[in-house]
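Heads up: the structure comes next, in structure tokens.
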Amino acid sequence: MAGLGASISEADLDHLNIEEYLTAESIQEAPKKLQLSDLLNISPTLTEAAGAIIDDSFTRCFKSNSQEPWNWNIYLFPLWCLGVMIRYGFLFPLRVAILAVGWIVFFAAFLPVRYFWTKNKKWKRKIERKLVEMMCGVFVASWTGVVKYHGPRPSMRPQQVFVANHTSMIDFIILEQMTAFAVIMQKHPGWVGFIQKTILESVGCIWFNRTEAKDREVVTRKLREHTQGADNNPLLIFPEGTCVNNQYTVMFKKGAFELGCAVCPVAIKYNKIFVDAFWNSKKQSFTMHLVRLMTSWAVVCDVWYLEPQYLRPGETPIEFAERVRDMIATRAGLKKVPWDGYLKYFRPSPKLTERKQQIFAESVLQRLEK
């Protein structure tokens with residue numbers, strides 16, 4: 001009881017302190033007058049915050065939407081168990097064997113050509129391209145990939161660049177099995193980095209690092225040089241700069257659209273009936289991502305090669321990028337959101353935060369002065 005009395009007396013003291021600053025009329029009337037609309041009218045920042053709580057369209061772009069379970073009753077559960085046994089006990093070992101044999105055949109043919117072929121460089125590049133296409137085809141076979149391509153197959157021409165929406169690194173594999181693209185890609189550690197250095201450089205791929213500002217200038221120069229070569233492989237760029245969950249499309253970077261060449265849009269749409277192909281790199285390594293694909297029934301997707309687009313008179317590279325993004329989003333059935341995908345990796349700059357704070361403070365002061 002003593003403890004209870006102490007707590008009551010403390011509450012009374014707090015109540016008395018409040019009354020020293022607020023009159024009895026204001027304490028009684030404030031709850032009646034305070035409304036959510038008044039609170040949101042104080043500042044657009046609060047309105048944005050409330051909207052973010054209700055509908056966070058940025059976070060949704062990078063979430064895997066799990067399917068509803070279908071094995072919920074006594075009739076379907078045995079079928080689900082049978083499916084698990086087939087996928088993990090039969091299909092997965094078979095796919096691992098296919099992938100292992102494919103790697104053995106690939107390295108047996110690629111390494112001698114890569115390091116010991118010194119006569120005809122043109123034939124050397126052609127053989128390397130075919131071997132890379134073959135290995136990508138093996139990867140697609142290890143997922144039982146069912147890919148339908150629409151439109152004319154890309155050809156080797158100067159002054160052109162291909163841009164596509166990005167869901168996973170398997171986007172590159174699916175496109176590469178048909179045409180040996182030279183892709184611009186983030187540097188990766190581990191076995192993916194080994195493949196980048198030893199194999200993909202043979203098709204002219206260009207690497208960058210998001211954390212190094214100097215890489216941007218070097219990459220821009222390499223892109224311009226690559227698009228000038230008639231014998232170079234077609235250049236493939238994922239202008240979103242990060243993997244998005246194949247339901248949305250985030251803002252395109254303008255680098256691919258200020259090279260002064262034809263931009264060929266490529267739209268990729270995955271069917272989630274068997275597996276969600278989205279790779280959440282923050283929660284899952286690429287190895288585990290491949291294991292998930294290899295333990296699914298199949299990877300089903302459509303690829304559309306759209307008509308080449310050119311920069312129109314008076315059009316800025318940013319407007320050009322948005323126009324191409326509209327084409328890809330419409331064809332693949334994606335929702336456009338006005339977000340920069342790099343916010344997934346970096347926090348907003350302190351200047352942006354300070355500016356928001358200043359706008360909020362000014363709006364509150366203006367409200368109080370009225």
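With hydrogens and angles ignored, the 3.5 Å screen pairs a side-chain donor or acceptor of Glu133 with a backbone N or O of Ala180. Judged by distance alone, the side chain of Asn246 and the main-chain N or O of Ile268 form a donor-acceptor pair under 3.5 Å. Side chain of Thr330 to main chain of Met327: no donor-acceptor pair is present (N/O by atom type, distance under 3.5 Å, no hydrogens or angles). Between the side chain of Glu176 and the backbone N or O of Phe181, at least one donor-acceptor pair lies under 3.5 Å. Of the possible polar contacts, one joining the Trp279 side chain to the Gln284 backbone as a donor-acceptor pair under 3.5 Å is found.
In summary, Arg325 and Glu322 engage in a salt bridge, as defined by a charged side-chain N under 4.0 Å from a carboxylate O. Electrostatic pairing of Arg323 and Glu319 does not count as a salt bridge here, judged by no charged N lying under 4.0 Å from a carboxylate O.
Within 6.0 Å of CG on Leu79 lie more than 12 heavy atoms contributed by other residues, nucleotides or ligands. Taking a 6.0 Å sphere around CD1 of Ile74, one finds it holds 12 or fewer heavy atoms contributed by other residues, nucleotides or ligands. Within a 6.0 Å radius of CZ in Phe90, no more than 12 heavy atoms belonging to other residues, nucleotides or ligands are found. Counting non-hydrogen atoms of other residues, nucleotides and ligands closer than 6.0 Å to NZ of Lys254 gives a total of 12 or fewer. Enclosure of atom CH2 in Trp103 by more than 12 non-hydrogen atoms of other residues, nucleotides or ligands within 6.0 angstrom is indicated.
Closest of all the heavy-atom pairs between Trp297 and Gly83 is CZ2-CA, 3.7 Å. Minimum heavy-atom separation, Ala277 to Ser168: O-CB, 3.3 Å. Pro239 approaches Ala164 most closely through the heavy-atom pair CD-O, 3.4 Å. Ala298 and Val275 get closest at one heavy-atom pair: O-CG1, 3.4 Å. In this structure, Asn165 and Phe238 approach most closely via the heavy-atom pair O-CD2, 3.7 Å. Scanning both residues, Val138 and Gly102, for their nearest heavy atoms gives CG1-CA, 4.0 Å.
Phe252 and Phe257 have parallel rings, their planes meeting at less than 30° on a 0 to 90° scale where 60° marks the start of perpendicular. Using a 30° and 60° split on the angle between ring planes, Tyr88 and Phe92 fall in the tilted class, from 30° to 60°. Taking the six-membered ring where the residue is Trp, Tyr149 and Tyr305 present parallel rings, their angle staying beneath 30° rather than reaching 60°.
Summarising the geometry, atom SG belonging to Cys301 is positioned 9.0 Å from atom CH2 belonging to Trp143; distances are rounded to the nearest 0.5 Å. Residue Leu94 holds its CG atom at 8.0 Å from OG1 of Thr144, rounded to the nearest 0.5 Å. Interatomic distance, Leu290 CG to Ser285 OG, rounded to the nearest 0.5 Å: 8.5 Å. To the nearest 0.5 angstrom, Ser281 atom OG is 10.0 Å from His289 atom NE2. Considering CE of Met288 and CG of Leu293, their distance stands at 11.0 Å, rounded to 0.5 Å. In this structure, CG in Asn245 is found 9.5 Å from CG in Asn280, a value given to the nearest 0.5 Å.
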task = List the steps and the verdict of side chain to side chain contact (heavy atoms under 4.5 Å, CB included) for Leu259 and Arg224.
result = CA-CA 6 Å; Leu259 297 175; Arg224 294 185 182 278; 3.8 Å; yes
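Residues Lys269 and Leu334 form a side-chain contact, since some pair of their non-hydrogen atoms from C-beta on lies under 4.5 Å apart.
Side-chain polar atoms of Glu240 and Tyr248 form no donor-acceptor pair below 3.5 angstrom. Side-chain atoms of Asp171 and Tyr270 include a donor-acceptor pair closer than 3.5 Å.
Residues Trp117 and Phe110 place their aromatic rings such that the two centres sit no closer than 6.0 Å.
Evaluated for a side chain to side chain contact (heavy atoms under 4.5 Å, CB included) with Glu128, the options Val203, Asn233, Val113 yield exactly one hit, Val113.
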